[in-house]
Amino acid sequence: MTADLFADSPSTERRNEPLGPGAVVLRAFALDEGAALVDIIHALSTVSPFRHLVTPGGHTMSVAMTNCGKVGWVSDRRGYRYDAIDPETGQPWPPMPALFMQLAAEAAAEAGFDRFVPDACLVNRYVTGSRLTMHQDRNERRDSEPIVSVSLGVPAMFQFGGQGKGTKPLNVPLVHGDVVVWGGPSRMNYHGVLPLKASHHPLTGMDRLNLTFRTAR
Ligand code: SIN
Ligand code: FE2
């Protein structure tokens, strides 16, 4: 077998694609750990199940979410916040697995952010049609730390905008194993995910899974 055979399947090759100052796509960075990450997510979801959160405006999100780590991101009619207790179970969120911590720290370092120690990992599950409207990640106390986002399963179109709502976003196709890191001058950039197209991945079926690591407190 020669490398040429894979010339048109670059999604398995590691390479860094800058999106702007402090923002980069690390192609295939989590590919080796992909299967293990998917298994761990399934185990976590038996402790703190995926659920559809309601926004403060009363809209039920199409993306199903759960968390692991010291705190988890939650939304309800009262607002958005980080909470140490899973409101669904009344128990603490499952602890952040060592593999998650290590991967997040390595990805952050690759993007130029040393000593990233996340205390929160939001786990998103998308099915066909699920989307995430453009938003800023602004509930974290320490915005000096980056966001590290790991894509697993079915491909998605990620949109990466600017500081203001009006900036025309870049459309960034993300596939299984890709990691996006945004911090520094890009930390507050708007971002979102277009409605998921029907597709299949051997590890996740019709689903896309996404991990976003944050330093919330
Ligand atoms: C997020 O903004 O929390 C998730 C982004 C993604 O699913 O790629
Ligand atoms: Fe986000």
Side-chain angles (χ1 to χ4, degrees), residues 11 17 19-20 22-30 34 37-38 41 45 50-53 55-56 59 61-69 71-75 79-82 93 96 100 103-104 107-108 111 118-143 145-165 167 169-183 186-197 199 201 204 206-216:
S11 61
E17 287 176 16
L19 294 177
V24 63
V25 185
L26 310 174
R27 294 289 180 197
F29 194 87
L37 296 173
V38 170
I41 292 167
S45 72
F50 282 104
R51 78 291 308 263
H52 293 272
L53 295 171
T55 65
H59 174 78
M61 297 180 77
S62 62
V63 177
M65 297 178 175
T66 185
N67 291 276
C68 63
V71 289
W73 186 84
V74 289
S75 172
Y80 304 115
R81 66 188 176 280
Y82 282 94
W93 299 100
M96 182 114 50
F100 282 27
L103 176 69
D119 58 4
C121 174
L122 174 65
V123 187
N124 293 320
R125 186 182 67 197
Y126 298 73
V127 298
T128 307
S130 299
R131 68 193 192 114
L132 203 55
T133 53
M134 295 296 276
H135 65 278
Q136 294 169 298
D137 292 354
R138 57 182 321 150
N139 302 117
E140 300 73 27
R141 222 163 283 165
R142 291 214 261 148
D143 59 13
E145 298 296 313
I147 302 286
V148 172
S149 168
V150 178
S151 290
L152 298 165
V154 165
M157 189 62 84
F158 180 67
Q159 295 198 297
F160 195 70
Q163 310 275 322
K165 250 190 157 148
T167 318
L170 292 170
N171 284 330
V172 185
L174 295 179
V175 302
H176 179 77
D178 288 345
V179 178
V180 187
V181 182
W182 63 97
S186 292
R187 175 61 179 75
M188 286 299 150
N189 283 26
Y190 277 86
H191 58 278
V193 177
L194 291 179
L196 197 75
K197 292 210 174 120
S199 181
H201 189 279
T204 62
M206 300 291 282
D207 296 352
R208 172 179 188 254
L209 297 171
N210 168 264
L211 303 171
T212 48
F213 295 94
R214 301 103 186 274
T215 307

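These values consider heavy atoms only, across backbone and side chains, with no hydrogens, waters or symmetry-generated copies. Quick note: residue numbers are just sequence positions, from 1. Every number for a ligand or one of its atoms is a count from 1 in the order of the listing.
Protein N/O/S atoms nearer than 2.8 Å to the Fe ion (ligand 2) total 3.
Here OG1 of T204 is found 6.0 Å from CG of L209. Values are rounded to the nearest 0.5 Å. With values rounded to the nearest 0.5 angstrom, C68 atom SG is found 11.0 Å from D119 atom CG.
When atom types are taken as modelled, the side chain of H191 and the backbone of Q136 share no donor-acceptor pair closer than 3.5 angstrom. In terms of modelled atom types and a separation under 3.5 Å, the side chain of S62 and the main chain of R131 share a donor-acceptor contact. Remark: side-chain polar atoms of R51 are paired, donor with acceptor, to backbone N or O of M65 under 3.5 angstrom. Judged by distance alone, with hydrogens and angles left aside, the side-chain atoms of H52 form a donor-acceptor pair with the main-chain N or O of M61 at under 3.5 Å.
When heavy-atom distances to ligand 1 are checked against 4.0 Å, the residues falling inside are N124, Y126, L132, H135, S149, F158, H191, V193, R208, N210, T212, R214, ordered by chain and number.
Taking H59 as the reference, nothing meets the ring pair (Phe, Tyr, Trp, His ring centres under 6.0 Å) condition, with sequence neighbours excluded.
Relative orientation of the W182 and F158 rings is tilted, given thresholds of 30° and 60° on the angle between their planes.
Applying the side-chain hydrogen bond (donor to acceptor under 3.5 Å, both in side chains) test to every pair with at least one member in residues 150-165, sequence neighbours left out, gives these pairs: S151-R208, Q159-N171, Q163-N189.
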